[in-house]
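Values in this document were obtained by computation on a predicted structure and should not be read as measured data. Just so we're on the same page: letters track the sequence lines, and every chain starts at 1.
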Amino acid sequence: MRIMQETPYRLRIEREGEMRVPGVVFASRALLPDPAADRSLGQVADVATLPGIVTASYAMPDMHWGYGFPIGGVAATDIAAGGVVSPGGVGFDISCGVRLLAAALDRDGLDPRTHQRLMDELGRTIPRGLGRRAVWPLAGRGQLEHVLAEGSRYAVEQGHGTPRDLARCEDHGAVAGADPASVSARAMERGLGQLGSLGSGNHFLEVQAVERVYDEPVAEAFGLRRDRVCVMIHCGSRGLGHQICTDHVHAMQPAMRRHGITVPDRQLACAPVESPEGRAYLAAMAAAANYGRANRQLLTEAARRAFAGTCGADLELVYDVSHNLAKIETHEVDGGSRRLCVHRKGATLAFPPGHPGLPPDLAGSGQPVLIPGTMGTASYVLAGVAGNPAFDSTCHGAGRLQSRHQAVRSVRGRELRDRLEAAGVAVRGASWRGLAEEAPAAYKDIDEVIAVAEGAGLCRKVARLVPLGVVKG
DNA sequence: ATGTCC
């Protein structure tokens, strides 16, 4: 593989073999994955072979090895030119994403005793870990179908939130085109008992405080100012999204044979967007996306109850983003306007100021971008910028450096908890092993990832948040 | 990520 450094923050993988376009990686040399342990650069090249891919196969500064596509991967296919959709380009955790809430409270208003009571209450009421516990136990299949079709809109309609919440959700809380009929009975079964639950892995609910503001007017428009207490929620579509991915990867095998599509990796299973299999996946994916969004809405309700019961502060929604999704969007390609299927896997949509997809009160700010760090480290709020070189996309997190297995070998969960508590971060975990798997040492340096994302022109910094307590999935 | 294997 021939890799050229184009700018300090941009590398190019030259087109060769079956690649239809080059690879473009937004990273400093220091952030590049170790090729001995992580095959993600090869995955960027593999994605470049997909039918219909345009411009380049991109990777964000937090890139690492994933299922088929790299995590941190962005790929757009031209629908009219037979462009494909690939479940591996979205990931197993469909619509995994982040929501940020701002409390009507500053950090000096949270005395140590109230802080502990708040964390205890969150620890008691936020369902997490493997299995089926939920804030909203659905009445049955009919109610779940409403969630799949209407996402957070249905949750709010049913009293789990306010109309103001929807104004600060991507797509007003629901992806269009969701079809519950494309969702298998097994996926429905898995989804019934998990709505309003964090899950496990890197998912969390964190109480944070704004430590630094880089752009006062934009922070103000987002509802943020220095020292404000916030809540960040990171979760996805649980077993339902996972099952949908599994079902449709299998369903695409005959479509690939029928269309004569060959891919360098079985995990890149795909089908033309304009094929029965492609359409069925997108309809089921949209349903999972709506489930993921409703999931964050229900966890918001639980967090609001915990705040109301302990410190009395309201929580106002700053924004909600999905960072695992494929969307049909129109972009300029080679001087023409094309309908594209844009895959973002571990990558965040970042519209520039003035984009019609923004809420009117944020039109001048650009789209809020929410990027969590790791336990005990900072998180960032950023904004979309004009001239984004990757279909209005940016990174989604710190990016894993060590495998879960490596992380568990290098630190004990109890030890990590004690270290975080000593540093003033209250910890309410689900399992010791899960905690060790998410050790900060297993991730890249979030400050460096953000510096590269900004340096590469993907987004710009608005505020830096630091953790006060974490409820870990 | 995930009832970490149907």
Please state how far atom CD1 in I94(A) lies from atom P in dT2(B), giving the value in whole angstrom units.
-> 12 Å
Ion pair check, E301(A) and R305(A), cut-off under 4.0 Å | yes
Salt bridge E438(A)-R400(A), side-chain N to carboxylate O under 4.0 Å = yes
Side-chain N,O (R238(A)) to OP1/OP2 (dT2(B)) below 4.0 Å | yes
Tell me: CD of E438(A) to P of dT4(B), nearest whole Å?
-> 18 Å
Whole-Å distance separating the CD atom of Q243(A) from the P atom of dC5(B) = 14 Å
Assign G236(A) to base, sugar-phosphate, or nothing according to its heavy-atom contacts below 4.0 angstrom with the strands shown.
-> nothing
Spacing of I244(A) atom CD1 relative to dT2(B) atom P, expressed in whole Å = 14 Å
H405(A) NE2 to dT4(B) C1', in whole Å, measures 13 Å
Please tabulate, for side-chain N and O atoms in residues 459-471 of chain A, each donor-acceptor pair with protein atoms closer than 3.5 Å (sequence neighbours left out).
unit_1	atom_1	unit_2	atom_2	d
R460(A)	NH1	D215(A)	OD2	2.8
R460(A)	NH2	D215(A)	OD2	3.0
R464(A)	NE	Y380(A)	OH	3.1
R464(A)	NE	D447(A)	OD1	3.2
R464(A)	NH1	E211(A)	OE1	2.9
R464(A)	NH1	E211(A)	OE2	3.3
R464(A)	NH2	D447(A)	OD1	3.2
R464(A)	NH2	D447(A)	OD2	3.2

Using atom CZ of R186(A) as one end and atom P of dT2(B) as the other, report the distance to the nearest whole Å.
-> 16 Å
D93(A) CG - dT4(B) P separation (whole Å) = 15 Å
H248(A) NE2 to dT2(B) C1', straight-line distance once rounded to whole Å | 17 Å
Answer with base, sugar-phosphate or nothing: what part of the nucleic acid does G239(A) contact at a heavy-atom distance below 4.0 Å?
-> sugar-phosphate
Please work out if E437(A) contacts a base, only the sugar-phosphate, or nothing of the nucleic acid, heavy-atom cut-off 4.0 Å.
-> nothing
Set of salt bridge (Lys or Arg N to Asp or Glu O under 4.0 Å) partners for R133(A), sequence neighbours left out | none
Can you check whether S200(A) has a side-chain N or O nearer than 4.0 Å to OP1 or OP2 of dT2(B)?
-> yes
